[in-house]
Amino acid sequence: MLQFTSIPTQFAALDAPLNYTLAGLTDGRVQLNIYTDEGRLLATKRLIGNGSCTVDLAPIVRRAAAFTPAVASTGFVASADRTLTMRVEAISGSERVTSAARTILFAWTSVTLPAICSTLPMSRLIAPEACDEVSFVAVDPRKITVTAESPTAIVSEEFTSPEQGLQCFRLVAADYPEAEQITLTVEGIGQLHYTVAPPNEGAVTLAWRSSAGSIEHYTFPIVEAIRLLVDKERACGAAGYSLTSVEVEERWQLHSAYETAQMMRALSELLYAEQVWRVTAAGYEAVDLLTEECEILRHGVMRKLSVVIRTNQKNSRLWS
């Protein structure tokens, strides 16, 4: 009898194979249909085996990962695009069997539930007009308490998640005017501490998809250089040279503050993050990060990260 003898655990991450093992193959051939929980066909695989076979579906799941940052006031936000809930249907001859649903985290590091999903330190800076996003995973809904401290008052606000699994919370510092310290307490899991500090004039905030399956934010205090690259194609006729096409590319070189090794390791993920955005008052703008090398640690010395970005749209510029 055709049957699944093993499937991934619930909330498995992508740092290990997502193996599905089938037993009871009678004709030596099997077709696997991978469906999302909504019934959309994600992929089809055909295998040949005798008696049993195992297939790793992690490469298929990785291709489905694409985050959309939320733009909202302080509170829980939708996190459906941060995970993939899927079922696998196996067809062999006249037999058909479907696996139980599994929710896979778009993370490259496994977590022990419940856990905050983040690569950045739990103590952070945030500008008065900036935002941050906190992701955590738990088998049940959790409460988040935001405590904002100003010189004259302490304000506390409680939010309850509407769902279980991976849950995302957005913190907008402007929702707590005059606050100098903000503490975000995730029920039964941990705390994040924010110091509210005005940024340098012209500072640039980047956000990126991290290995923890989260969207992280960091404000680069310095724009060291803005370079304009122009590529012209010309034709020469009887009247002389004339332009046939012009391509324009604007590049910004950003410098971080001097940071600890822990923060540098987190920031270094920018270099290989599959999605990076520049955060502006209008929202999130996708950018292409060109830097491919950085120095994370040197004995006894704090380091800073320098990166170069450009817009991911051809012939478009990063307007300030």
Side-chain angles (χ1 to χ4, degrees), residues 15 69 107-109 111 115-136 147-149 171-173 176 179-186 189-227 251-280 284-285 287-310 318 320:
D15 63 334
W108 279 255
T109 53
V111 296
I116 294 174
C117 302
S118 179
T119 55
L120 293 177
M122 294 295 101
S123 294
R124 308 175 181 183
L125 291 175
I126 191 168
E129 302 298 324
C131 63
D132 196 21
E133 189 177 288
V134 178
S135 298
F136 64 94
T147 304
E149 301 180 42
L171 174 66
V172 179
Y176 303 94
E180 295 181 349
Q181 300 285 333
I182 299 175
T183 301
L184 193 153
T185 304
V186 186
I189 302 179
Q191 287 187 329
L192 292 90
H193 302 278
Y194 296 88
T195 298
V196 183
N200 289 356
E201 183 178 354
V204 174
T205 298
L206 296 185
W208 65 98
R209 203 174 92 205
S210 79
S211 63
S214 59
I215 291 181
E216 308 289 9
H217 295 71
Y218 181 84
T219 298
F220 286 79
I222 300 173
V223 179
E224 180 165 290
I226 297 178
R227 295 182 177 86
R251 297 184 179 185
W252 289 14
Q253 184 173 0
L254 313 178
H255 278 301
S256 74
Y258 282 97
E259 300 288 2
T260 63
Q262 181 186 9
M263 178 63 86
M264 283 297 295
R265 289 188 184 280
L267 291 180
S268 68
E269 290 196 359
L270 270 165
L271 276 61
Y272 54 87
E274 295 185 42
Q275 290 179 277
V276 181
W277 302 269
R278 181 170 70 109
V279 186
T280 69
Y284 290 76
E285 174 192 2
V287 296
D288 182 19
L289 194 137
L290 300 174
T291 307
E292 297 181 350
E293 181 180 352
C294 71
E295 186 177 67
I296 296 174
L297 176 65
R298 182 177 293 180
H299 181 68
V301 179
M302 297 181 73
R303 309 302 299 155
K304 66 178 180 177
L305 177 68
S306 176
V307 297
V308 176
I309 61 171
R310 65 181 178 186
L318 287 163
S320 57

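Numbers for residues simply follow the sequence, beginning at 1. Atom set for the values below is all heavy atoms of this structure, side chains included, hydrogens, waters and symmetry mates excluded.
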Inset, instruction - In sequence, state the C-alpha distance, the side-chain angles, and the governing distance for Leu289 and Trp208, and then conclude on side-chain contact (heavy atoms from CB on, under 4.5 Å). - result: CA-CA 10 Å; Leu289 194 137; Trp208 65 98; over 6 Å; no

Sidechain-backbone polar pair: [X] side chain, [Y] backbone, donor-acceptor under 3.5 Å:
{"X": "Glu269", "Y": "Ser211", "value": "yes"}
{"X": "Glu216", "Y": "Thr119", "value": "yes"}
{"X": "Thr205", "Y": "Thr219", "value": "no"}

Inset, instruction - Test side-chain contact (heavy atoms from CB on, under 4.5 Å) on Ser214 and Glu133 and set out the steps. - result: CA-CA 8 Å; Ser214 59; Glu133 189 177 288; over 6 Å; no

What closest approach, in Å, do [X] and [Y] show between heavy atoms, and which atom pair accounts for it?
{"X": "Ile215", "Y": "Ala207", "value": "CG2-CB, 4.0 Å"}
{"X": "Ala148", "Y": "Ala179", "value": "CB-CB, 4.0 Å"}
{"X": "Trp108", "Y": "Ser210", "value": "CE3-O, 4.5 Å"}
{"X": "Val279", "Y": "Leu206", "value": "CG2-C, 4.4 Å"}
{"X": "Ser256", "Y": "Phe220", "value": "N-CD2, 3.4 Å"}
{"X": "Tyr218", "Y": "Ala257", "value": "OH-N, 3.2 Å"}

Roughly how far, to the nearest 0.5 Å, is [atom2] of [Y] from [atom1] of [X]?
{"X": "Arg310", "Y": "Arg251", "atom1": "CZ", "atom2": "CZ", "answer": "5.5 Å"}
{"X": "Arg303", "Y": "Ser268", "atom1": "CZ", "atom2": "OG", "answer": "13.5 Å"}
{"X": "Ile222", "Y": "Asn200", "atom1": "CD1", "atom2": "CG", "answer": "6.5 Å"}

Inset, instruction - Assess the side chains of Gln253 and Ser306: does a donor N or O sit below 3.5 Å from an acceptor N or O? - result: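 The answer is yes; a qualifying pair exists.
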
Legend entry - Between Arg124 and Ser118: side-chain donor-acceptor atoms closer than 3.5 Å: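 Yes, side-chain donor-acceptor contact under 3.5 Å.
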
Legend entry - Evaluation steps, side-chain contact (heavy atoms from CB on, under 4.5 Å), between Val204 and Arg278: CA-CA 7 Å; Val204 174; Arg278 181 170 70 109; 3.9 Å; yes

Inset, instruction - Output, in order, the C-alpha distance, side-chain angles, deciding distance and verdict of side chain to side chain donor-acceptor pair (under 3.5 Å) for Thr185 and Gln191. - result: CA-CA 4 Å; Thr185 304; Gln191 287 187 329; 2.9 Å; yes

Legend entry - Partner set under salt bridge (charged side-chain N to carboxylate O under 4.0 Å, His left out) for Glu259, not counting sequence neighbours: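 Result, salt bridge (charged side-chain N to carboxylate O under 4.0 Å, His left out) vs Glu259: none returned.
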
Inset, instruction - Take Val276 and Ile309 through the side-chain contact (heavy atoms from CB on, under 4.5 Å) test and state the conclusion after the steps. - result: CA-CA 9 Å; Val276 181; Ile309 61 171; 5.6 Å; no

